[in-house]
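What you see below is based on every heavy atom in this structure, not just the backbone, and it leaves out hydrogens, waters and symmetry mates.
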Amino acid sequence: PTALVMAGNHGDEYPGQVAILKLLRELRPDQVTGRIILVPALNMPAAKAATRLSPLDGKNFNRCFPGNPTGTVSEVLAHYLTTELFPRADLVMDLHTGGRSLDFVPCAHMHLVPAGPQREAMLAGTEAFLTEYCFLYADIAGTGLLPVEAERQGKTVITTEMGGSENVTTQVHRITQRGLRNVLRHFGYLNEPV
């Protein structure tokens, strides 16, 4: 079993990046069952520039899926995720915040996928993130979204909006770090009590 955990889809969204880096430093091989792929800064050019969009091509990475192997930097990366990493994963986590432009109540959320095992797993994983609020929604945000591509491939997809603005509180960092670990425990990737 493989979990793919990502943050930094937009470069100005920090709590997920920090949580993944912290988990990378703390994890020991004997704690892991299966495989956990951790990508703290998915859109590295935007993360380095602390911007929502990639400074290399001006693209919103979360609108580039399924990607294009001969396109812009963002489109090539989206294609790599679509064709290489998503097919290997059972669980896909994409940790977001509102970045500089929005401020959300910290929450885990998921798209409304058809009733069945995928939806049930996504609901349980969303609740396992342990945020005070969770929500289920039908996507109206356009095309090219990372979670939509992973869902199309049948993956269990958990996403978040962990606050926003550049002022990230200690509480938001704690919620993000605790939630990330608990989802991995819930699905059996970490040998720790849920």
Query raised in the report: Is Leu145 linked to Val39 within one hydrophobic cluster, defined over Ile, Leu, Val, Met, Phe, Trp and Tyr using a side-chain heavy-atom separation of less than 4.5 Å?
Result: no
Query raised in the report: Which residues pass the salt bridge (charged side-chain N to carboxylate O under 4.0 Å, His left out) test with Arg152, sequence neighbours left out?
Result: Glu149
Query - Charged N-O contact under 4.0 Å between Lys22 and Glu26 - result: yes
Query raised in the report: Are any non-hydrogen side-chain atoms of Arg178 and Ile175 less than 4.5 angstrom apart?
Result: yes
Query raised in the report: Counting only heavy atoms not in Tyr133, do more than 12 sit closer than 6.0 Å to its OH atom?
Result: no
**Report entry** Ring centers of Phe187, Tyr189 separated by less than 6.0 Å
**Finding:** no
Query raised in the report: Hey, quick one: are Met93 and Leu130 part of the same hydrophobic cluster, counting side-chain heavy atoms closer than 4.5 Å, chains of contacts allowed?
Result: no
**Report entry** Between CD1 on residue Ile20 and CG on residue Leu38, distance to nearest 0.5 Å
**Finding:** 6.0 Å
Query raised in the report: Given the rule that I, L, V, M, F, W and Y join up when any side-chain heavy atoms are under 4.5 Å apart, are Val148 and Phe86 in one cluster?
Result: no
Query raised in the report: Would Met6 and Phe65 show up in the same hydrophobic cluster when neighbours are defined by side-chain heavy atoms closer than 4.5 Å?
Result: yes
Query raised in the report: Got Leu184 and Val32 here, is their nearest side-chain heavy-atom distance under 4.5 Å?
Result: no
Report task. Could you pull out the closest heavy-atom pair between Pro69 and Val76, with the gap in Å? Result -> O-CG2, 3.6 Å
Query - Distance-only side-chain donor-acceptor flag, Asn43 / Ser74, under 3.5 Å - result: no
**Report entry** Min side-chain heavy-atom separation Phe61-Leu42 under 4.5 Å
**Finding:** yes
Query raised in the report: Where is the tightest heavy-atom contact between Ser54 and Pro45, given as atom of each residue plus distance?
Result: OG-CB, 4.0 Å
**Report entry** Thr131 side chain to Ala108 backbone, donor-acceptor under 3.5 Å
**Finding:** yes
Query raised in the report: Apart from Leu56 itself, which Ile, Leu, Val, Met, Phe, Trp or Tyr residues share its cluster (side-chain heavy atoms under 4.5 Å, direct or through members)?
Result: Val73
Query raised in the report: Considering only heavy atoms from C-beta outward, does the side chain of Phe129 approach that of Asn182 to under 4.5 Å?
Result: no
Query - Pairwise distance CG(Leu23) to CD1(Ile36) - rounded to 0.5 angstrom - result: 6.5 Å
Requested in this report: Check the pair Glu75 / Leu77 against side-chain contact (heavy atoms from CB on, under 4.5 Å), numbers first and verdict last.
Outcome: CA-CA 5 Å; Glu75 292 166 341; Leu77 179 58; over 6 Å; no
**Report entry** Approximate separation, where rounding is to 0.5 Å, of Leu27 CG and Leu190 CG
**Finding:** 6.0 Å
Requested in this report: Ignoring hydrogens and angles, tell me if any N or O in the side chain of Gln153 forms a donor-acceptor pair with the backbone of Ala150 under 3.5 Å.
Outcome: no
Requested in this report: Take Ile158 and Met110 through the side-chain contact (heavy atoms from CB on, under 4.5 Å) test and state the conclusion after the steps.
Outcome: CA-CA 6 Å; Ile158 312 299; Met110 59 173 271; 6.0 Å; no
Query raised in the report: Are the side chains of Lys155 and Leu91 in touch, meaning some heavy atoms are under 4.5 Å apart?
Result: no
Query raised in the report: Is the number of heavy atoms from other residues, nucleotides or ligands under 6.0 Å of Gln171 CD greater than 12?
Result: no
Query - Heavy-atom closest pair, residues Pro193 and Arg185 - result: O-CD, 3.0 Å
Query - Ring centre gap for His109 and Tyr137 strictly below 6.0 Å - result: yes
Query raised in the report: Does any non-hydrogen side-chain atom of Glu151 lie less than 4.5 Å from one of Thr156?
Result: no
Query raised in the report: Got a donor-acceptor contact below 3.5 angstrom from the Asp12 side chain to the Ala50 backbone?
Result: no
**Report entry** Ala78 versus Gly67, closest heavy-atom pair with distance
**Finding:** CB-CA, 3.8 Å
Query raised in the report: Do Leu95 and Val18 sit in the same hydrophobic cluster, where Ile, Leu, Val, Met, Phe, Trp and Tyr count as joined when their side-chain heavy atoms come under 4.5 Å apart?
Result: no
Report task. Show the numbers, then the answer: is there a side-chain contact (heavy atoms from CB on, under 4.5 Å) between Glu13 and Met162? Result -> CA-CA 9 Å; Glu13 299 177 355; Met162 301 307 298; over 6 Å; no
Report task. For Gln17 and Ala47, work out which heavy atoms get closest and say how close. Result -> OE1-CB, 3.7 Å
Requested in this report: Could you tell me whether the side chain of Val157 reaches within less than 4.5 Å of the side chain of Met122, counting heavy atoms only?
Outcome: yes
Query - Approximate separation, where rounding is to 0.5 Å, of Asp90 CG and Arg35 CZ - result: 9.0 Å
Query raised in the report: Are the side chain of Asn62 and the backbone of Leu146 linked by a donor-acceptor contact shorter than 3.5 Å?
Result: yes
Report summary line: dist His10:NE2 -> Arg52:CZ (nearest 0.5 Å) comes out at 3.5 Å
Query raised in the report: Under a 4.5 Å cut-off applied to non-hydrogen side-chain atoms, are Pro114 and Arg119 in contact?
Result: no
Query raised in the report: Under a 4.0 Å N-O cut-off, is there an ion pair linking Asp57 with Lys59?
Result: no
Query raised in the report: Which heavy-atom pair separates Thr33 from Gly188 by the least distance, and what is that distance?
Result: CB-O, 3.3 Å
**Report entry** Rounded distance (nearest 0.5 Å) linking atom CZ of Arg88 with atom CG of Leu4
**Finding:** 10.5 Å
